[in-house]
Amino acid sequence: MKFLLHLIGDLHCPLHIEGLLRGGNDIAVLWEGRVENLHFVWDVLIPQKRTNSTEADEGAAAGAWAERLSGVILKDPNVTQGMAQGLVNTEDEFLGLLDNAEELAVRWAGETNAWVCRTVLRDGVEGVEGKELSGEYFIATIHGLEELVSNAGRRLAAWINELAKEDALQRGKGELK
């Protein structure tokens with residue numbers, strides 16, 4: 001389960017599937033006037049700013065953020081469509097999940113990589129290197145990040161459901177509903 005969580009999470013994290021300059025680790029940017037690397041900004045600082053959290057309370061803040069995002073999706077499953085141009089958000093994406101795991105992982109990584117090209121590095125390395133990212137850049141990218149996080153959560157839930165169904169069938173308990 002830990003591997004599955006980590007894999008699906010990384011497939012939806014900006015710069016985890018990007019090889020350019022070690023996934024952004026070698027791109028120096030500014031965040032609230034401090035020099036940071038782009039990877040750290042996306043992994044830690046943007047989510048912390050979005051959730052108004054610090055390292056000390058990020059677990060609780062992440063839980064509240066996930067609850068808010070899932071509540072939005074439950075109210076309107078199509079609400080996230082179009083937030084991050086081109087990301088897939090359809091129910092049929094989960095058909096044959098267990099039989100097409102490799103294909104889905106590659107597709108999801110491709111979606112995230114395309115998003116990185118369109119959003120994180122839309123103006124190339126020159127567009128972020130040495131630039132302040134905590135203002136307009138943050139505002140322009142946060143909804144797309146929430147799309148990625150929402151997709152990761154839905155996809156992880158689909159995997160867990162499929163594995164539970166498979167386990168129940170193998171144990172002879174029938175199909176879970």
Side-chain angles (χ1 to χ4, degrees), residues 1-20 23-24 38-51 53 58-122 138 140-171 173-177:
M1 190 58 74
K2 285 181 182 180
F3 173 78
L4 187 61
L5 175 64
H6 196 122
L7 175 66
I8 292 176
D10 278 359
L11 287 172
H12 294 82
C13 281
L15 302 168
H16 281 226
I17 47 79
E18 176 61 56
L20 180 67
L38 184 63
H39 192 102
F40 182 73
V41 165
W42 275 97
D43 267 12
V44 176
L45 299 176
I46 288 177
Q48 281 182 346
K49 182 171 180 157
R50 180 60 175 148
T51 60
S53 65
E58 70 184 8
W65 190 25
E67 193 171 307
R68 184 181 62 77
L69 290 175
S70 66
V72 168
I73 291 169
L74 289 173
K75 288 178 188 168
D76 181 358
N78 298 313
V79 75
T80 57
Q81 287 186 5
M83 287 173 61
Q85 304 167 5
L87 290 182
V88 174
N89 190 16
T90 60
E91 291 305 313
D92 65 343
E93 73 180 299
F94 301 121
L95 295 176
L97 189 63
L98 296 177
D99 296 329
N100 300 305
E102 184 177 343
E103 178 185 325
L104 287 172
V106 169
R107 189 177 90 213
W108 296 345
E111 290 173 11
T112 302
N113 184 262
W115 188 81
V116 168
C117 295
R118 273 193 316 275
T119 306
V120 177
L121 296 169
R122 68 180 169 268
F138 168 81
T141 60
I142 193 59
H143 291 297
L145 178 62
E146 288 189 333
E147 173 79 13
L148 290 170
V149 171
S150 295
N151 278 346
R154 286 181 323 96
R155 290 167 173 174
L156 177 61
W159 263 102
I160 291 169
N161 288 341
E162 285 302 309
L163 292 171
K165 287 178 188 176
E166 184 69 19
D167 183 62
L169 289 172
Q170 287 180 4
R171 292 174 186 244
K173 294 180 181 177
E175 193 172 322
L176 294 179
K177 298 192 187 241

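Keep in mind the model is a prediction, meaning the values are calculated, not measured. Only this structure's heavy atoms are used, side chains among them; waters, hydrogens and symmetry mates stay out.
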(request) Return the set of residues passing side chain to side chain contact (heavy atoms under 4.5 Å, CB included) with Val44 (not counting sequence neighbours), or none when no residue passes. (result) Phe40, Gln48
(request) Find out whether Thr141 and Val120 are in side-chain contact, i.e. whether some heavy atom of one side chain is under 4.5 Å from a heavy atom of the other. (result) no
(request) Locate the shortest heavy-atom distance separating Ala109 from Ile17; write the atom from each residue and the value. (result) O-CD1, 3.8 Å
(message) Less than 4.5 Å apart, side chain to side chain, heavy atoms only: is that true for Asn151 and Thr112?
(response) no
(message) Checking Leu5 now: which residues fulfil side chain to side chain contact (heavy atoms under 4.5 Å, CB included) with it, not counting sequence neighbours?
(response) Leu156
(message) Quick check for you: to the nearest 0.5 Å, what is the distance between Cys13 atom SG and Asp43 atom CG?
(response) 5.5 Å
(request) To the nearest 0.5 Å, tell me how far Phe138 CZ sits from Leu45 CG. (result) 10.5 Å
(request) Identify the heavy atoms of His39 and Gly23 that sit nearest to each other, and give their distance. (result) ND1-O, 2.8 Å
(message) To the closest 0.5 Å, what do you measure between NE2 (His16) and NE2 (His6)?
(response) 7.0 Å
(request) Could you tell me the separation between the CZ atom of Arg118 and the CG atom of Asn113, rounded to the nearest 0.5 Å? (result) 10.0 Å
(message) So, taking the atom named OG1 in Thr119 and the one named CG in Leu145, what distance separates them when rounded to the nearest 0.5 Å?
(response) 10.0 Å
(request) Starting at CG of Asp10, measure out to CH2 of Trp108 and round the result to the nearest 0.5 Å. (result) 13.5 Å
(request) Could you list the residues that satisfy salt bridge (charged side-chain N to carboxylate O under 4.0 Å, His left out) with Arg50, not counting sequence neighbours? (result) Glu146
(request) Test ring pair (Phe, Tyr, Trp, His ring centres under 6.0 Å) on Trp42 and Trp115 and set out the steps. (result) CA-CA 13 Å; Trp42 275 97; Trp115 188 81; 5.6 Å; yes
(message) Please determine whether a side-chain nitrogen of the Lys or Arg among Glu111 and Arg155 lies less than 4.0 Å from a carboxylate oxygen of the Asp or Glu.
(response) yes
